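A quick write-up on the structure given underneath.
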Amino acid sequence: MRPAHVCLAVLVAAVWGVNFVVIEVGLDHFPPLLFSALRFLVAALPAVFFVGRPKVAWKWVVAVGLVLGVVKFGLLFIGMDAGMPAGLSSLVLQIQAVFTALFAFVALGERPGRVRVTGMVIALAGIAVAAVDEGETGPLTAFALLIGAAACWGVSNVLTRKASPPDALNFMVWVSTVPVLPLLGLSLLWEGPSRDLAALRSLDWSGAGIIVYVAWITTVFGFGAWGYLLRRHPASTVAPFSLLVPVFGMSGAALVLGESVSALRWCAAALLVGGVALTSFSKGTTVTSVKGSSVKGGGVSRSGTRGVTGSPVPGPGVEPAALPARTTASRTPSTASRPSPPR
């Protein structure tokens with residue numbers, strides 16, 4: 001990669017990592033579900049008028065919008081509001097790579113190789129260490145909500161994989177239109193209209209700046225820049241930079257919010273990041289049936305079509321993570337698309 005592109009990749013990782021700190025501060029201004037709804041509203045408007053029509057079927061836009069926007073981000077914001085630290089949140093969400101691999105195996109038949117399974121075990125060990133650390137200092141319920149958010153992120157990754165959007169920014173902008181009304185409705189039911197109105201009436205420049213950051217900087221700029229890099233470099237070259245997200249998230253939380261990082265948390269970070277790296281960048285095995293014969297990651301079927309096994313592009317804790325290149329075996333050459341990362 002050119003030095004300018006390396007700097008851009010690091011900048012995007014920093015933007016996504018610092019986003020957790022901004023969310024933590026924003027939760028002092030807004031109830032969590034209202035905050036999430038405003039984030040998607042501002043991300044979608046006015047961008048939706050400039051990106052063109054959706055380039056995938058509406059069912060994928062709606063499905064990803066509900067799973068990612070409503071459930072995943074709803075759990076994330078509620079979990080952080082319930083006491084989950086920003087730095088630890090940026091770390092724990094990376095377990096989405098393990099959930100993605102598991103769900104891809106169940107739904108898509110993408111069998112993980114031994115190295116990837118080893119990475120999943122190491123990452124899960126990191127989560128266990130993080131749970132022990134959080135159990136000593138914070139509420140385990142909030143920790144469980146973050147695990148649920150990571151699982152929903154994994155589901156949305158598989159849906160994005162099935163959708164195979166050719167334009168990541170276009171897809172994310174349209175996905176952002178879906179959660180707004182459901183989140184507003186849930187906020188009215190869960191948080192109450194009086195609390196929502198009080199938050200909106202007290203909106204100041206600080207609160208507005210927070211909304212702009214989580215909507216335009218992390219979503220519009222982050223996805224636009226990441227998609228730009230993926231169009232010019234192999235996914236395996238760009239993807240490792242996303243592992244910097246928890247580094248920026250934890251260090252940013254320590255510097256800005258004064259969060260302490262215990263020895264256990266550093267241990268959890270090493271295990272989780274290392275495990276996610278193995279899970280994300282090792283080759284899996286995909287089996288596709290072709291008239292009774294099978295193609296295993298890169299093998300040649302009887303029809304002479306070569307299967308393609310791609311490396312997944314792990315996403316930061318911001319939007320849907322990119323997944324392994326789609327593997328097909330047919331009479332015509334397959335096309336591998338590269339969906340963008342999630343948060």
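Predicted model only: the values in this text are computed from it and were never measured.
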Which of parallel (below 30°), tilted (30 to 60°) and perpendicular (above 60°) describes Trp16 and Trp226?
tilted
Would Leu146 and Leu76 count as a side-chain contact (heavy atoms from CB on, under 4.5 Å) here? Give the steps.
CA-CA 6 Å; Leu146 264 291; Leu76 169 63; 3.4 Å; yes
Apply side-chain contact (heavy atoms from CB on, under 4.5 Å) to residues Val12 and Phe241 and explain how you reach the verdict.
CA-CA 9 Å; Val12 172; Phe241 289 96; over 6 Å; no
Check whether any side-chain heavy atom of Met80 lies under 4.5 Å from a side-chain heavy atom of Leu145, and answer yes or no.
no
Examine Val106 and Ile147 and state if one hydrophobic cluster contains both, with Ile, Leu, Val, Met, Phe, Trp and Tyr joined whenever side-chain heavy atoms are less than 4.5 Å apart.
no
Kindly indicate, with the supporting measurements, whether the criterion side-chain contact (heavy atoms from CB on, under 4.5 Å) is fulfilled by Val15 and Tyr213.
CA-CA 9 Å; Val15 163; Tyr213 184 92; 3.7 Å; yes
Phe105 atom CZ: more than 12 heavy-atom contacts under 6.0 Å
no
Is the shortest heavy-atom distance from the side chain of Leu124 to the side chain of Ile95 under 4.5 Å?
yes
SG (Cys7) and CZ (Arg2) are apart, to the nearest 0.5 Å, by 11.0 Å
Decide yes or no on side-chain contact (heavy atoms from CB on, under 4.5 Å) for Leu93 and Lys72, but give the supporting numbers first.
CA-CA 10 Å; Leu93 271 185; Lys72 183 258 182 177; 4.2 Å; yes
Working to the nearest 0.5 Å, report the span between CZ of Arg116 and CZ of Arg111.
13.0 Å
Is the Phe73 ring parallel, tilted or perpendicular to the Phe77 ring (thresholds 30°, 60°)?
perpendicular
Shared hydrophobic cluster for Leu45 and Phe40 (ILVMFWY, side-chain gaps under 4.5 Å)
yes
Do any N or O atoms from the side chain of Trp174 and from the backbone of Gly52 form a donor-acceptor pair under 3.5 angstrom?
yes
So how far is it from Asp167 CG to Lys55 NZ, rounded to the nearest 0.5 Å?
5.0 Å
Looking at Trp205, I'd like to know if its CH2 atom is crowded, meaning that more than 12 non-hydrogen atoms belonging to other residues, nucleotides or ligands lie closer than 6.0 Å.
no
Tyr228 side chain to His5 backbone, donor-acceptor under 3.5 Å:
no
Give, for atom CG of Leu278 and atom CE of Met120, the distance between the pair rounded to the nearest 0.5 Å.
12.0 Å
Arg195 and Asp81: which non-hydrogen atoms are nearest, and at how many Å?
NH2-OD2, 4.3 Å
For residues Val64 and Ser156, report the shortest heavy-atom separation together with the two atoms involved.
CG2-O, 4.3 Å
Between Leu188 and Leu183, is there a shared hydrophobic cluster once you connect ILVMFWY residues whose side-chain heavy atoms come closer than 4.5 Å?
no
Any donor-acceptor N/O pair, Ser202 side chain to Ala199 backbone, under 3.5 Å:
yes
Close side-chain approach of Leu91 to Leu88, heavy-atom, < 4.5 Å:
yes
Heavy-atom closest contact (Thr177 atom, Ala44 atom, distance):
CG2-CB, 3.7 Å
Side chains of Val92 and Ile127: closer than 4.5 Å at any heavy-atom pair?
yes
If you compare all heavy atoms of Leu271 against all heavy atoms of Gly126, which two are closest, and at what distance to 0.1 Å?
CB-CA, 3.6 Å
Please output the side-chain donor-acceptor pairs of residues 243-259 that fall under 3.5 Å, not counting sequence neighbours, one pair per line with the distance.
unit_1 : atom_1 : unit_2 : atom_2 : d
Ser251 : OG     : Val247 : O      : 2.7
Ser251 : OG     : Phe248 : O      : 3.3
Glu259 : OE1    : Gly87  : N      : 3.1
Glu259 : OE2    : Ala86  : N      : 2.9

Could you see if Leu197 belongs to whatever hydrophobic cluster contains Leu181? Use Ile, Leu, Val, Met, Phe, Trp, Tyr and a side-chain cutoff under 4.5 Å.
no
Could you tell me which non-hydrogen atom of Thr100 sits nearest to which non-hydrogen atom of Gly154, and how far apart they are?
OG1-CA, 3.4 Å
4.5 Å side-chain heavy-atom contact, Pro165 and Thr160
yes
What is the minimum heavy-atom distance between Ala123 and Val98, and which atoms define it?
CB-CG2, 3.7 Å
Is Val178 close to Trp58 at the side-chain level, that is, under 4.5 Å between some pair of heavy atoms?
no
May I have the list of side-chain donor-acceptor pairs in residues 22-37 shorter than 3.5 Å, sequence neighbours left out?
unit_1 : atom_1 : unit_2 : atom_2 : d
His29  : ND1    : Val25  : O      : 3.3
His29  : NE2    : Ser206 : OG     : 3.4

Please list all pairs passing the side-chain hydrogen bond (donor to acceptor under 3.5 Å, both in side chains) test where one or both residues lie in residues 180-191, with sequence neighbours left out.
Ser187-Glu191, Ser187-Asp196
Are Leu38 and Leu189 linked, directly or through other ILVMFWY residues, by side chains that come within less than 4.5 angstrom of each other?
no
